[in-house]
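Working notes, structure below.
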Amino acid sequence: MRLSPKPVTVNTLRHMKSEAQKITCLTAYDAGFAHVLDEAGIDVVLVGDSLGMVIQGHDTTIPVTMDDMLYHTRCVARGLDRALLMADMPFMSYTDPDVALLNAGKLLQEGGAHMVKLEGNSRQADVVSRLSQEGIPVCAHLGLRPQFVHKLGGYRMQGTDGPSAESMRRDASVLVDAGADLLLLECVPASLSEEITRDVPLPVIGIGAGPGCDGQILVLQDILGITPGRTPGFAKNFLTGQQGIPDAVQAYVLAVRDGTFPSGS
């Protein structure tokens, strides 16, 4: 069931935050699944560099290239009418403002994306500022950053102690001031993500970050129970008990909107 034929924009997401309406997000990597998500009322579709793991079979997202991201973003764009299309900036594609501008511009011009997402902290403020000044909407990804997996020493919860939590609060504030349009918090304690969501004027999307964010995102394969290997503990198989994939996606949308997913921790 379509919510509205009107396209979702950055302003739509800001309005949803102000009205306490939960924002629904999922990943997609091709036109067919993109169409299913769009029909189900997903607000934001992310072409994630998670495709390196769930599509290409790599152990991390690091091997994903700009060519990979452009190809899959173009595919997904063809399947969408309503949802806002966000695309990941892959590893080493935003090492400085000039490089970031070139690659982000490709994702919008050639890929059809409406927004780019980059992993980082306050060190990326100059990159975020440059993209914002050139009219490119940016989602800043804090917390667990998969592209930094080797630096972080694995996939683990972030911001669990006082200093790291304070650092994340500071990073969020700096990135907002730099011109970010959206924040994504991954694997962050629920209390910290709720605090950041309350304190920043931007919509905040969570994944493994508790129910207090303005919206939720999951990897599509996780909600369908077809992720190779171990499924993240914060994910849920929404296909169980449903008649098919469209029903599973709609069940996810309803669960996020009515607050039954995630249950919180």
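No hydrogens, no waters, no symmetry mates; every other heavy atom, side chains included, goes into these values. Everything numeric in this text was worked out from a predicted model, so none of it was measured.
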Quick note, side-chain hydrogen bond (donor to acceptor under 3.5 Å, both in side chains) partners involving residues 223-236, not counting sequence neighbours, are D222-T227

Between D96 and R130, does any NZ, NE, NH1 or NH2 come within less than 4.0 Å of an OD or OE carboxylate oxygen? no

Are the side chains of R170 and S122 in touch, meaning some heavy atoms are under 4.5 Å apart? no

Is the backbone N or O of L118 less than 3.5 Å from a side-chain atom of H141, with the two atoms forming a donor-acceptor pair by type? no

Determine, using the 4.5 Å side-chain heavy-atom cutoff (strictly less than), whether M86 and L101 are members of one ILVMFWY cluster. yes

Between K17 and L202, is there a donor-acceptor pair closer than 3.5 Å when you use the side chain of the first and the backbone of the second? yes

Can you name the residues that form a salt bridge (Lys or Arg N to Asp or Glu O under 4.0 Å) with D88, not counting sequence neighbours? K117

Test side chain to side chain contact (heavy atoms under 4.5 Å, CB included) applied to K22 and D43, D258, V256, the passing residue: V256

So, does S167 use its side chain to make a donor-acceptor pair with the main chain of S164 at under 3.5 Å? no

Under 4.0 Å between a Lys/Arg side-chain N and an Asp/Glu carboxylate O for R169 and E195? yes

Answer yes or no: is there a donor N or O on one side and an acceptor on the other, between the side chain of T73 and the main chain of M69, under 3.5 Å? yes

Backbone N/O of D247 and side chain of Y252: donor-acceptor pair under 3.5 Å: no

Could you tell me whether a side-chain N or O of Q56 sits under 3.5 Å from a main-chain N or O of V54, the two making a donor and an acceptor? no

Mind running side chain to side chain donor-acceptor pair (under 3.5 Å) on Q124 and D171 for me, showing each step along the way? CA-CA 9 Å; Q124 274 71 45; D171 288 338; over 6 Å; no

Is there a donor-acceptor pair closer than 3.5 Å between any side-chain N or O of D181 and the backbone N or O of V138? yes

Can you list the residues that meet the salt bridge (Lys or Arg N to Asp or Glu O under 4.0 Å) rule with E110, with sequence neighbours excluded? none

Taking atom types as modelled, is there a side-chain donor on Y29 or T27 under 3.5 Å from an acceptor on the other? yes

Considering residues, nucleotides and ligands other than F148, do more than 12 of their heavy atoms fall under 6.0 Å from its CZ? yes

Ignoring hydrogens and angles, state whether a donor on the side chain of S129 or Q133 is under 3.5 Å from an acceptor on the partner side chain. yes

Would you confirm whether N103, through its side chain, and S93, through its main-chain N or O, come within 3.5 Å as a donor-acceptor pair? yes

Under 3.5 Å, side chain of H114 to main-chain N/O of L85, donor-acceptor pair present? yes

